[in-house]
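A, B, ... follow the sequence lines: proteins, then strands. Residue 1 opens every chain.
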Number of protein chains: 2
Amino acid sequence: MRDRSDHRPTMGDIAEAAGVSQMTVSRVLRGSGSASAEARARVEQAAHQLGYVPNRLATALRDESTPLVAVILPTLGNRVFSEVLAGVTETLAGQGMQPVFGVTEYDPLREAALVRDLLSWRPRGIILPGLEHAKGTRAAIRASGVRVAEVMDLDGDPISVAFGLSQVEAGRATARHMLARGYRRFGWIGAQGGRDLRASKRLAGFRETVRAAGAQMVAERVFDGPSAMVQGRRGTAMLLDGLARPDAIYFANDDLAAGGLMHCLAEGLTVPRDVALAGFNGLGFLEALPVRLTTVETPRREMGISAARHVMGDGPVAEAKVDLGFRLVAGETS
Amino acid sequence: MRDRSDHRPTMGDIAEAAGVSQMTVSRVLRGSGSASAEARARVEQAAHQLGYVPNRLATALRDESTPLVAVILPTLGNRVFSEVLAGVTETLAGQGMQPVFGVTEYDPLREAALVRDLLSWRPRGIILPGLEHAKGTRAAIRASGVRVAEVMDLDGDPISVAFGLSQVEAGRATARHMLARGYRRFGWIGAQGGRDLRASKRLAGFRETVRAAGAQMVAERVFDGPSAMVQGRRGTAMLLDGLARPDAIYFANDDLAAGGLMHCLAEGLTVPRDVALAGFNGLGFLEALPVRLTTVETPRREMGISAARHVMGDGPVAEAKVDLGFRLVAGETS
DNA sequence: CTGTCGAATGTTATCGATAACAAGGCGCGG
DNA sequence: CCGCGCCTTGTTATCGATAACATTCGACAG
């Protein structure tokens with residue numbers, strides 16, 4: 001038969017030890033249905049003694065429902081996403097639900113594979129970044145019938161509901177601000193080899209506004225790797241040493257922008273007189289910098305919270321896009 | 001019978017559509033056993049047509065084994081842990097495994113509850129921070145038979161294998177460095193209301209070494225909330241305004257230390273002449289600060305990678321403690 | 001021409017928990 | 001004293017995938 005010693009105890013084992021049926025064990029341990037005080041005590045004693053741990057796989061299979069939520073993130077290397085994840089996690093934990101997650105490193109194919117993988121756990125919902133996905137991903141998710149929340153971006157057509165902000169509008173707002181301050185020759189520094197589509201949208205909005213005002217983009221530099229301060233620093237050096245010297249640089253995010261600021265400090269350049277700088281996200285570490293950076297604050301934790309609430313089914317959201325807004329923070333670099 | 005429309009397609013549905021038995025479907029889709037080209041084609045066509053997604057719950061239940069690894073973290077609010085998690089995730093992903101995780105917010109009881117919860121998914125392994133756990137947690141994990149890796153800390157008795165560094169020794173090393181530079185009156189600034197036991201160990205090592213050298217701790221300040229730059233700044237202000245003014249401050253981590261540095265810059269104090277500062281972790285953002293902070297670099301990603309490898313069973317590790325080391329980085333603040 | 005072997009396929013049982021249904025026993029109203 | 005109904009407990013079937021075993025059929029050696 002079954003070798004008890006190398007198997008984790010099951011309700012069957014408890015039943016045997018307590019001299020009752022498995023069903024009674026189930027009823028006692030879940031506190032549903034009725035059981036005599038006598039049976040209750042014996043079962044609880046046996047369960048404790050055997051060190052019983054329920055097997056959720058069985059319950060989930062039987063119930064055709066899990067307390068899992070799939071979460072897909074572009075990377076964990078950027079604080080932005082760990083903050084979104086923190087919002088999701090705290091919200092789920094309050095409801096006894098678990099996140100299962102994976103990272104795509106900005107690769108749509110990896111995202112597609114992850115979606116397939118994660119859906120096979122039959123999660124209650126799935127949260128994923130952005131509105132653009134590999135061919136078929138959208139259909140797969142729709143067909144799966146799980147609740148979906150897309151986060152970060154609002155510029156596009158959500159699968160179901162998107163929680164975030166208009167990236168294009170954020171780019172436009174930044175451009176308007178810079179233009180108002182009198183800058184006319186703009187540079188752009190990005191990372192992730194242009195695979196960060198949200199950054200591309202910000203750039204598009206920025207560029208559009210700049211051009212409409214008769215000003216221009218004079219230099220762009222996009223690095224391949226993850227966005228790190230050192231890249232921002234190098235890129236800034238390149239742009240400022242180039243032929244087409246910008247009088248203001250728009251960075252794909254705060255890390256890059258902070259690196260740009262470092263370059264200026266190291267080279268003794270005066271910001272914003274010699275060059276103006278603007279980042280994106282409003283990360284906490286900006287407070288530590290010697291100069292307050294101009295940036296756009298984004299509701300990272302809130303996106304996580306809202307998305308988690310949505311997939312848990314806390315009230316159906318009518319709209320397909322929930323705008324959580326952004327806030328331009330004019331610092332000392334523009 | 002069964003209403004096809006509100007159920008996700010199963011192998012049974014494919015079997016029906018393809019006119020074969022469920023078992024043939026299983027064989028075709030998993031590529032095990034043999035099947036005729038004819039059957040293979042029909043099954044694949046039907047599976048695609050129906051948008052079949054396998055149900056891992058069933059497979060996991062049947063196989064009594066999941067590709068899951070439980071990961072417990074103190075918080076996501078500190079970059080340190082998202083870097084550990086990144087190491088874990090990237091390592092697992094390479095082997096087709098999934099992390100399931102939760103955060104404790106430094107509460108041992110929440111940790112105990114999380115362990116119970118996560119173990120009920122019958123993960124292949126579990127990774128958790130530190131060596132101290134609530135009563136019973138240790139026994140529960142041992143009894144569960146999953147592979148265990150504890151990360152961050154080596155000062156104590158691991159459940160199975162620990163990957164990290166000696167926190168006490170890190171504290172001692174920092175103290176030796178500060179003493180060698182001539183400081184004699186030390187302050188300490190912490191957070192998490194003292195619940196961060198690794199920080200407490202560092203302080204213990206630091207204090208011991210300081211006292212052995214005939215120097216002393218003159219002031220300590222531990223905040224209740226999460227460690228943030230602003231707390232470090234406030235704490236530093238308090239210590240420097242107090243009666244027992246330290247000539248050097250040891251911070252529980254880099255965020256607090258960076259805050260301390262900000263205070264000094266804002267007040268026009270000269271570091272380290274007026275006061276020396278030392279942090280812990282060697283986070284990347286330090287590079288952005290105007291002054292290079294003295295700190296201790298820790299192998300965060302490596303801890304995640306090693307722990308993940310261990311729980312996946314990549315070669316049994318003989319030792320109970322794997323020292324991944326640390327490196328004191330003498331900056332411009334000491 | 002027959003027996004053997006293996007490829008292809010089907011049938012049954014299983015993992016653990018639990019809904020649905022069945023049945024035994026006891027109390028209480030009529 | 002009978003019977004209805006509730007409390008307690010047990011039995012069976014189920015979720016989906018798959019290992020183990022059973023069966024069919026054609027090919028081929030002897």
A.B. asks: Calculate the interatomic distance between E16(B) atom CD and dG16(D) atom C1'; express it in whole Å.
C.D. replies: 15 Å
A.B. asks: Take atom CH2 of W121(B) and atom P of dA17(C), then tell me their distance rounded to the nearest Å.
C.D. replies: 13 Å
A.B. asks: Quickly work out the L119(B) CG to dG16(C) P distance and round it to whole Å.
C.D. replies: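 Checked: the CG to P distance equals 16 Å.
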A.B. asks: Under 3.5 Å, which donor-acceptor pairs link side chains of residues 76-86 of chain A to any protein atom two or more places apart or in another chain?
C.D. replies:
residue : atom : partner : partner atom : Å
N78(A)  : OD1  : V80(A)  : N            : 3.0
R79(A)  : NE   : E83(A)  : OE2          : 3.0
R79(A)  : NH2  : G77(B)  : O            : 2.9
S82(A)  : OG   : R79(A)  : O            : 3.1
E83(A)  : OE1  : R300(A) : NE           : 2.5
E83(A)  : OE1  : R300(A) : NH2          : 3.1

A.B. asks: Near DNA chain D, under 4.0 Å by heavy atom, which residues of residues 56-67 of chain A?
C.D. replies: L61(A), R62(A), E64(A)
A.B. asks: Going by side-chain hydrogen bond (donor to acceptor under 3.5 Å, both in side chains), name the residues that satisfy it together with E90(A), two or more places apart in sequence or in a different chain.
C.D. replies: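 Residues passing side-chain hydrogen bond (donor to acceptor under 3.5 Å, both in side chains) with E90(A): R301(A).
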A.B. asks: Any side-chain hydrogen bond (donor to acceptor under 3.5 Å, both in side chains) involving residues 57-71 of chain B? Give me the pairs, sequence neighbours left out, ordered by first then second residue.
C.D. replies: H7(A)-E64(B)
A.B. asks: Can you tell me the distance, in whole Å, between the CZ atom of R42(A) and the C1' atom of dT8(D)?
C.D. replies: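 Nearest whole value for this atom pair: 14 Å.
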A.B. asks: When you compare the protein's N or O atoms with those of nucleotides 5-9 of chain C, which come within less than 3.5 Å of each other, and at what distance?
C.D. replies:
residue : atom : partner : partner atom : Å
dA8(C)  : OP2  : S34(B)  : OG           : 3.4
dT9(C)  : OP1  : S36(B)  : OG           : 2.9
dT9(C)  : OP2  : S36(B)  : N            : 2.7
dT9(C)  : OP2  : S36(B)  : OG           : 3.2

A.B. asks: Is there any ring-ring contact (aromatic ring centres under 6.0 Å, His included) pair reaching into residues 98-144 of chain B, and which pairs are they, with sequence neighbours excluded?
C.D. replies: F101(A)-F101(B)
A.B. asks: End-to-end bend of the helix from dC1(C)-dG30(D) to dG30(C)-dC1(D) (five-pair axes, 10° rounding)?
C.D. replies: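 Between the axes fitted at each end of the helix from dC1(C)-dG30(D) to dG30(C)-dC1(D) lies an angle of 50°.
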A.B. asks: Once you round to the nearest 0.5 Å, how far does CD of E150(A) lie from CD1 of I126(A)?
C.D. replies: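 E150(A) CD to I126(A) CD1: 9.5 Å, rounded to 0.5 Å.
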A.B. asks: With sequence neighbours left out, write down each residue that passes salt bridge (Lys or Arg N to Asp or Glu O under 4.0 Å) with R198(A), or none if nothing qualifies.
C.D. replies: none
A.B. asks: Taking for each residue the nucleotide of DNA chain C bearing the nearest heavy atom, is the 5' side occupied by R122(B) or by M23(B)?
C.D. replies: M23(B)
A.B. asks: For DNA chain C, whose closest nucleotide is more 5', that of Q22(B) or that of Q22(A)?
C.D. replies: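 The 5'-side residue here is Q22(B).
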A.B. asks: Would you indicate, yes or no, if dT18(C) has its OP1 or OP2 atom less than 4.0 angstrom from a side-chain nitrogen or oxygen of R30(A)?
C.D. replies: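 Looking at the OP1 and OP2 atoms of dT18(C), one of them is under 4.0 Å from a side-chain N or O of R30(A).
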A.B. asks: How would you list, by chain and number, every residue that makes a side-chain contact (heavy atoms from CB on, under 4.5 Å) with P226(A), sequence neighbours excluded?
C.D. replies: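 P226(A) satisfies side-chain contact (heavy atoms from CB on, under 4.5 Å) with Q192(A) only.
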A.B. asks: By side-chain contact (heavy atoms from CB on, under 4.5 Å), which residues pair with A46(B), not counting sequence neighbours?
C.D. replies: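 With neighbours one apart ignored, the set is I14(B), A17(B), A18(B).
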A.B. asks: If you compare every side-chain N and O of Y52(B) against the phosphate oxygens of dA17(D) (OP1, OP2), does one of them come in below 4.0 Å?
C.D. replies: yes
A.B. asks: Residues two or more places apart in sequence or in another chain: which of them pass side-chain contact (heavy atoms from CB on, under 4.5 Å) with A35(A)?
C.D. replies: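 Partners of A35(A) under the side-chain contact (heavy atoms from CB on, under 4.5 Å) test: V28(A), R40(A).
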A.B. asks: Any chance you could measure I127(B), atom CD1, to H310(B), atom NE2, to the nearest 0.5 Å?
C.D. replies: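 Separation between the atoms: 9.0 Å.
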A.B. asks: List in chain and number order the residues that pass side-chain contact (heavy atoms from CB on, under 4.5 Å) with E105(A), two or more places apart in sequence or in another chain; answer none if no residue qualifies.
C.D. replies: T75(A), V103(A), R110(A)
